[in-house]
Q: 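The structure that follows is given in the form of structure tokens.
What's counted below: heavy atoms across the whole structure, side chains too, no hydrogens, waters or symmetry copies. Counting starts at 1 for both ligands and their atoms, in listed order. Keep in mind it's a predicted model, so treat the numbers as computed, not measured.
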Amino acid sequence: MANIKTLAEFITERQHEFTYATGELTQLLTSFRLAGKMVNREVNKAGLAEDILGAQGSENVQGEQQQKLDVYANDLFIRLLRSQGEVCAVASEENEEIVHFNNGGKYVVTMDPLDGSSNIDVNVSIGTIFSIYRRISEGETATMEDFMQSGTAQVAAGYIIYGSSTMLVYTTGHGVNGFTLDPSIGTFCLSHANMTTPEEGNIYSVNEGNYFDFSEGVRNYIDDCKRQNMSGRYIGSLVADFHRNLLKGGIYMYPATKKSPNGKLRLLYEANTLAMIVEQAGGMATDGTTRILDLKPTELHQRCPLYIGSKGMVEKAMKS
Ligand code: P6P
């Protein structure tokens, strides 16, 4: 049997690649490893445990119906990040304001604890998306300045996909590696070493229900994909669509529409995270005109149009 390398062993082995002090990255990723296993457990039994399915009966900052698992995952990640001491503050899709830990930690985290959670009750894959930045503000407490850094400042970016198997995929700027959870031993094991995405692909992912709301250029690009007999694949769960396209090649688009002039997806904890990962895998991510990682954030929950995936496809979409 091929030798098994656990996520913990891999992180330790690659610690030298992490710009900062030894051991800090291990600590930083530990919370996501542990929380990923615990969320996975809840997601997998969602259909059985009546107290975990369905809407929480509350709305998040976006005015979106919170699912019980959204709240569970958010609370869990915050609790684990608070306890391990390296992170001093978190910006989460589920919280209007920055969550401060005031523990002197040198890092801040942006996260979507459970993206696509409206799909939970219909058994569609969902995901956790997270980015880690070094604190840059002075003083006791983190400030907005720490969260308004461009995506190029990320020290690590990753996602967990709860699908037919549960995988944690991350980068610290030295390539992308994927780890699959072996539930029999409760451990993430290296399954996709040095992931790269094909330069071209045959999959386009977009909500075509918005077709007549898109710009002429976007409509032309979609029409061109059809003329080339590409496969339309859109799960309605960003992490699942992104992950499939990362492996097989393809483009995911959430363009601006009349209803959502800045698109729907969030810059800090969706676009920036996936943009770092896709670039490290040889792909590309823009908002239609600017490289996602070069965008300068101005608000925690700001939205941006997103075109992400195979480099050749994103470049072509930009020229449409
Ligand atoms: P639409 C889920 O709500 C999400 O944020 C992403 O996971 C997904 O790709 C997108 O929205 C789907 O949005 O408008 O096509 O239903």
Q: Under a 4.0 angstrom heavy-atom cut-off, which atoms of ligand 1 come close to N207?
A: 1 (P), 14 (O), 15 (O)
Q: Contact between D241 and ligand 1, counting heavy atoms under 4.0 Å?
A: no
Q: Would K264 count as a polar contact of ligand 1, with the cut-off being nitrogen or oxygen pairs under 3.5 Å?
A: yes
Q: Aromatic ring centroids of F32 and F77 under 6.0 Å?
A: yes
Q: Quick check on contacts: which atoms of ligand 1 are under 4.0 angstrom from a heavy atom of L238?
A: 6 (C), 7 (O), 8 (C), 9 (O)
Q: Does a donor on one side chain and an acceptor on the other come within less than 3.5 Å for N194 and T196?
A: no
Q: Which bit of F242 is near ligand 1, meaning a heavy atom under 4.0 Å away: side chain, backbone, both or neither?
A: neither
Q: Is the shortest distance from a Lys or Arg side-chain nitrogen in R134 or E24 to a carboxylate oxygen in the other one below 4.0 Å?
A: yes
Q: Are any of the heavy atoms in S237 under 4.0 Å away from ligand 1?
A: yes
Q: Among F242, Y269, F130, F179, find the one that has a ring-ring contact (aromatic ring centres under 6.0 Å, His included) with Y159.
A: F242
Q: I need the single residue from T110, D146, V155, L268 that forms a side-chain contact (heavy atoms from CB on, under 4.5 Å) with Y133. Which is it?
A: T110
